[in-house]
Amino acid sequence: MLQCSTAVAACTTFLVSGIMHEYVLSIFAVVPGSKFVPTYGKQTCFFIWNGAFLLLEFFLVVGDKKKNKLPLLPRPLQTALVLLMVLPVAHWFIDEYVESRFFHDFVQGIPLFVKL
C-alpha cells in the first residue's frame, strides 16, 4: 500500500509541476505586442516523462527496502542513463522560454553563449 501512495504522490507532484510551469510560461513569457505565441503542453509532457522514469527507477531498483529488486548500478552508469533519458526531451521544457526571449534580460548578469 505504501508503494502505491508513493507512486501516486510522485505522479501528482510531477503533473502539478508541469502545470505550474505552463502557468509561468503564460504569465512571464508572453509579452504584450509580441508575435510569439507559446505552444502549451510541452512543459507538462517533460515533467510527466521525467516522473515516469522516476517511477520506473523506484519500482525496479528501490522498491521494497526489504527485498531489493535489482542491484544498484555504478554511479557513472546511473548518471549516463539519467542524461540519456532527460536530454533528448529537454527541448520540451526550454524551447518556449528561449523563443519568447524570456532569458534575454538575464544577459546583463548571467553570460549566455550565443551563435555568432
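Quick caveat: nothing in here was measured; it's all calculated off a predicted structure.
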Start with the C-alpha gap between F47 and M20, add the side-chain angles, then the distance that decides, and say whether side-chain contact (heavy atoms from CB on, under 4.5 Å) holds.
CA-CA 11 Å; F47 281 98; M20 182 202 65; over 6 Å; no
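Note on residues 6-35: no pairs pass salt bridge (Lys or Arg N to Asp or Glu O under 4.0 Å), not counting sequence neighbours. Screening residues 8-19 for salt bridge (Lys or Arg N to Asp or Glu O under 4.0 Å) gives no qualifying pairs among residues at least two apart or on separate chains.
Clustering ILVMFWY residues whenever any of their side-chain heavy atoms sit less than 4.5 angstrom apart, transitively, puts I19 in a cluster other than the one holding V24. Both I27 and Y97 sit in one connected hydrophobic cluster of ILVMFWY residues. Membership requires side-chain heavy atoms under 4.5 Å apart, directly or through other members.
Partners of Y40 under the ring-ring contact (aromatic ring centres under 6.0 Å, His included) rule, at least two apart in sequence or in another chain, do not exist in this structure. Scored by the ring-ring contact (aromatic ring centres under 6.0 Å, His included) test, F14 finds no partners at all (sequence neighbours excluded). Annotation: salt bridge (charged side-chain N to carboxylate O under 4.0 Å, His left out) contacts of E96 (sequence neighbours excluded): K42.
With hydrogens and angles ignored, the 3.5 Å screen pairs no side-chain donor or acceptor of S17 with any backbone N or O of T13.
Closest non-hydrogen pair, L15 versus I48, comes out as CD1-CD1, 4.0 Å.
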Taking only distance into account, with no hydrogens and no angle test, what donor-acceptor pairs under 3.5 Å do side-chain atoms of residues 81-95 form with protein atoms, sequence neighbours excluded?
unit_1: H91; atom_1: ND1; unit_2: P88; atom_2: O; d: 3.2

